[in-house]
Each structure stands twice: as C-alpha cells, then as structure tokens.
Amino acid sequence: MTGIRQLHMGITLALAISIFGAFVLEQGVYLRLLLGLALGIALTKGAIGFAGSINRAYRRGSTQLLQTLMLLFVATAIINAGLLYGSDPGTYNLWVNPINIGLIVGGLMFGFGMTLSSCCASGVMVEMVSDVPRALTTLVAFGFGVFIGFPIQSSSPLVTETLFSTVSYEGQGVFLPDLFAWGPLNGYLMSILVTIAFAAITIKLAKKYENKRKQDGTYLGVDAEHNREPSQLGERDVERFSWLRSLWSMNTAALVIAVIFGVMMATTSSGWGASSPFGFWFGKLLLTFGVGIETITDFTGRPQQVFTTPFFEHGVSVQNAGILLGTLIAVLWIGKFSSPCKARYSFKQYLLFALGGVLMGLGTRFANGCNVGALYTPIANFSLSGWIFFATIVAGGIMGNQFARKVKLIAAAPACQFKSAPSTP
C-alpha cells in the first residue's frame, strides 16, 4: 500500500471516527474518545512511551526519551499549577497517592514486567497497531493481573494506608503545595521548582550514563529517536497534507501531550489513567464464560456497575480505545502501516510476555496506578508518590532487563569497545 493511499485512509478514518462518535456517544464519553485519539497521535508521531524510557537506556544506551519525559513532567506540572492556583484542590480529582510498601513493591513489579512485554498500560494500546501477538498476550495477562489485584488494592493496609501525608490530603498522601504553603502563590511556585529540581537531577544522571555508554563503545542509539532529531526533520515539505505525514521531535510531542493533559484536567477534573479498565474488561470476559456477576463482585470488592456498563458508555475504556485508534491514524498518516500480525514468537516468548503483563497488572494494584496513573498524573498533580514510583520502576526495569537477557528474551549486552591507551615506556 503506497504512502499516499495510507495517508488518505488515515484522513478518512479520523473523520469517520470523529463524526460517528459525535452522533453515537454521550458527550462526556465522546470527549474521552477525542482525548484518546490525540494522545495516540502524539505518542506515535513523537515515538514516546513510558516503558521505552528505561528499556532504551538499558538496551541501547540512549536516555533521550527519559530526558524528554522530564520535560513532559515539568511542562504538565506548570499547566496544572495554573489550573489549581486560586481554586480548591478538592474540586479536582487529584491523584495524591499513598506512600507505602505497596507503592515500592508495585513499582518494582511494574518496572520488571514492562521490560518483558516491552510496553506499559497505554503502550499496549499503541503496540496493538504494530504487533498484535505480543500486545494482545500482554493485554489479556495485564487484565488478569489487575483483576486478581483488585482485592489487595481495596483491603490491604500496605496499599491503602500512607506513611506520610499533608494537611490537604491527611491520611492519603503528600501534596507538595502543602509543604510550601508559606511561600509564594500558595506553595505552587516552590512545588514547580521542586519538580524542576527532580527533573534536572534525573537529566544530569541520564546524560552522565549515556556519555559513559558512548565512552565504553556500548552506545547503540535508537533509530526512531534519531529520525526525530531536529537536524533530521529538516524543513517542512510544502506538499499537501505534509504536516500530517511528518514526524515530530520528541520535545514537540511531549509539549503536545502536556497540553492534552491540561485539557483533560480542565474538562474532566481528573488526570490520565489507563490500567483499571483492563481489569474491568477481564471481568467482562469472565461474564461471557458464564461466571456469575456476584462471584466477580464478591472477589474484587468492586461494584457491579464497572463490569456491566457497556464498553461505549465507559469513558476511560473509550479513551484507551481512542489511543489505539489514534496510533493507527498516525501510522497511516506517516505511511508506515504494515500487517500487525506478522511477528512470530516462540512459546517461551509468549510465556514471558504474559508474565510481564501479569506483573504489570498486579503491580498497578499495589501502586494504585501504572506509568500514567502512578507516575505521570501524580507528578503533574504535585504528589510526592509519583517521584517515588519513578525511582522504583527504574530499579525494577534494570532488574527486568537483566532477567530478560539471561533468558535470551532480548539481545545480549553490546561488547565494550573501549580500548585503554598504550602505556608509554
């Protein structure tokens, strides 16, 4: 299929989905569809993914994506501060999550799992467009992990109770503006500066690591990142629809996602979440196989409604589907669509993909979210828990990649090309 034909198909698909959704979906759900479409397009255009930030660094030596995520976190936090300043935080559903053992355990599990499946919760929807066998295996296993973790999330003190909290979220978690309520702008200025400081420290460490990989000769780079560098993007083509066909730099994509997140906060009073619907979908799957609704609700501790609500009436489920469709649209615009079912894997690889999905799903219940629900949204909402989760998924990602190499799921580590200088007589 030619690039031009794919472009036309992508434009047609985008218009059809937008028009169909406007007439069929309830307005709040339709908004979620549009947000999902926009996220899918931005993630694909900029080659951005949360799991990739750790995997690319470990496997290829590149920390460009990790550095880009820091820009995303800071930009989104600034936008959120603009929304929250002068208003009652209680009017928003801020994800100020508990700081506890569950957060650490969940982060380690999630970080480990995302290395085996090479994706995360939102990433699995993106990957469904290019690699159905791996993505679908991960999705089903992810849903199973979320489902069996529901009882833990709702009842275990290791998950529900917090070791630290602040006045606005007493017994819930640490809201950074509370710590600096004495400062300018009701604490939001200092909270932004703290966010910038955490991001700057991360970027400094990331650059140091990448430079070491380059010095050792083990830096491999990532083609998708190289193709999106400003020097490679060059001047924009003047052909019709060239703005649809072009790639975005990762920084551009990050800023677009930050704006989408801001729109999401302003219109829904809540941040970006993705993982809980996977557990709901798994419950729906059990219903189709004859498992009683009372059995499911008694086990999970979740209300019957979350398992019986039709798919197209559940906003976040539609938003997740929108990410998949937005990815498909972007791939067609770029002209890079090919069969998503052509990949061939061994039984061992499928088992490892499934293990990764289960670990991620279960990890989200311990940590009260995934890379968007326990990392991105909490950081944007000035919750200290987000940065703690970030540290744990990095640790879990390193351990997961080490394991993946031992079981030959990923390529062996590149040989060190560093040569010591010859000794002088």
Side-chain angles (χ1 to χ4, degrees), residues 26 28-29 32 93 95-110 112-113 117 120-122 124-125 136-163 169 171-173 270-321 351 353-374 377-378 385 389:
E26 185 270 329
V29 177
R32 289 288 187 176
N93 179 25
W95 295 18
V96 181
N97 292 344
I99 298 173
N100 49 36
I101 298 300
L103 179 66
I104 297 172
V105 171
L108 291 172
M109 293 176 67
F110 196 91
F112 196 101
S117 297
C120 58
S122 56
V124 74
M125 306 310 296
L136 185 59
T137 301
T138 299
L139 178 60
V140 174
F142 200 127
F144 172 72
V146 172
F147 186 84
I148 63 174
F150 277 143
I152 299 172
Q153 183 183 25
S154 60
S155 62
S156 173
L158 296 178
V159 178
T160 59
E161 298 180 2
T162 185
L163 299 173
Y169 290 86
Q172 182 175 340
S270 185
W272 182 7
S275 59
S276 291
F278 295 165
F280 303 155
W281 299 352
F282 191 85
K284 289 176 180 290
L285 181 64
L286 294 180
L287 286 174
T288 63
F289 282 98
V291 179
I293 185 63
E294 291 185 357
T295 301
I296 292 174
T297 55
D298 288 345
F299 173 78
T300 61
R302 294 297 179 115
Q304 177 177 327
Q305 181 182 5
V306 299
F307 300 107
T308 57
T309 298
F311 182 91
F312 290 104
E313 294 179 14
H314 188 264
V316 181
S317 290
V318 172
Q319 182 172 288
N320 281 346
L351 287 179
F353 298 154
L355 175 61
V358 172
L359 287 173
M360 285 192 289
L362 192 55
T364 65
R365 299 310 94 188
F366 277 96
N368 288 298
C370 57
N371 276 341
V372 290
T377 295
S385 66
F389 184 79

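Here the structure is a predicted model, which is why all the values come from computation and not from measurement. Residue numbers start at 1 and run along the sequence shown.
- Minimum heavy-atom separation, Arg32 to Gly271: NH1-O, 4.3 Å.
- The shortest non-hydrogen separation linking Pro378 to Val372 is CD-O, 3.8 Å.
- Residues that satisfy the side chain to side chain donor-acceptor pair (under 3.5 Å) test with Trp272, not counting sequence neighbours, are absent from this structure.
- Annotation for Phe311 and Ala321: closest pair CZ-CB, 4.0 Å, computed over non-hydrogen atoms.
- Nearest heavy atoms, Thr162 versus Ile99: OG1-N, 3.0 Å.
- Residues satisfying the side chain to side chain donor-acceptor pair (under 3.5 Å) criterion with Arg365, sequence neighbours excluded, are Gln153, Ser275, Ser276.
- Considering all non-hydrogen atoms of both residues, Phe389 and Ala367 come closest at CE1-CB, 3.5 Å.
- Other residues, nucleotides and ligands place more than 12 heavy atoms under 6.0 Å from the CZ atom of Phe299.
- Contacts of Ser122 classified as side chain to side chain donor-acceptor pair (under 3.5 Å), with partners at least two apart in sequence or in another chain: none.
- Taking the six-membered ring for Trp and the full ring otherwise, Phe110 and Phe366 have centroids separated by 6.0 Å or more.
- Thr364 pairs by the side chain to side chain donor-acceptor pair (under 3.5 Å) definition with nothing, not counting sequence neighbours.
- The closest side-chain heavy-atom distance from Phe147 to Leu286 is below 4.5 Å.
- Here the straight-line distance linking atom CG of Leu362 with atom CD1 of Ile152 works out to 5.0 Å at 0.5 Å rounding.
- For the side-chain contact (heavy atoms from CB on, under 4.5 Å) test, residues two or more places apart in sequence or in another chain that qualify with Asn100 are Pro98, Leu103.
- Taking the side-chain contact (heavy atoms from CB on, under 4.5 Å) definition, one finds that Phe144 meets it with Ile148, Phe282, Val358, sequence neighbours left out.
- Under the 4.5 Å side-chain criterion, counting only non-hydrogen atoms from C-beta, Thr138 is in contact with Met360.
- For Phe280 and Phe150, the ring centers are positioned less than 6.0 Å apart.
- Under the side-chain contact (heavy atoms from CB on, under 4.5 Å) criterion, Thr309 pairs with Gln305, Glu313, His314, sequence neighbours left out.
- The CG atom of Leu136 lies 14.0 Å from the CZ atom of Phe142; values are rounded to the nearest 0.5 Å.
- Side-chain contact between Phe312 and Val29: absent, with no pair of heavy atoms (C-beta onward) separated by less than 4.5 Å.
- Not counting sequence neighbours, Ser154 has no partner by the side-chain contact (heavy atoms from CB on, under 4.5 Å) test.
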Under the side chain to side chain contact (heavy atoms under 4.5 Å, CB included) rule, what do Trp95 and Asn93 come out as? Steps first, then yes or no, please. CA-CA 6 Å; Trp95 295 18; Asn93 179 25; 3.5 Å; yes
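- Atoms OG1 and CG, from Thr160 and Asn368 in turn, are 8.5 Å apart once rounded to the nearest 0.5 Å.
- Each side-chain hydrogen bond (donor to acceptor under 3.5 Å, both in side chains) pair with one or both residues in residues 281-301, not counting sequence neighbours, appears once here: Trp281-Ser317.
- The heavy-atom pair separating Gly273 from Asn320 by the smallest distance is O-OD1, 4.3 Å.
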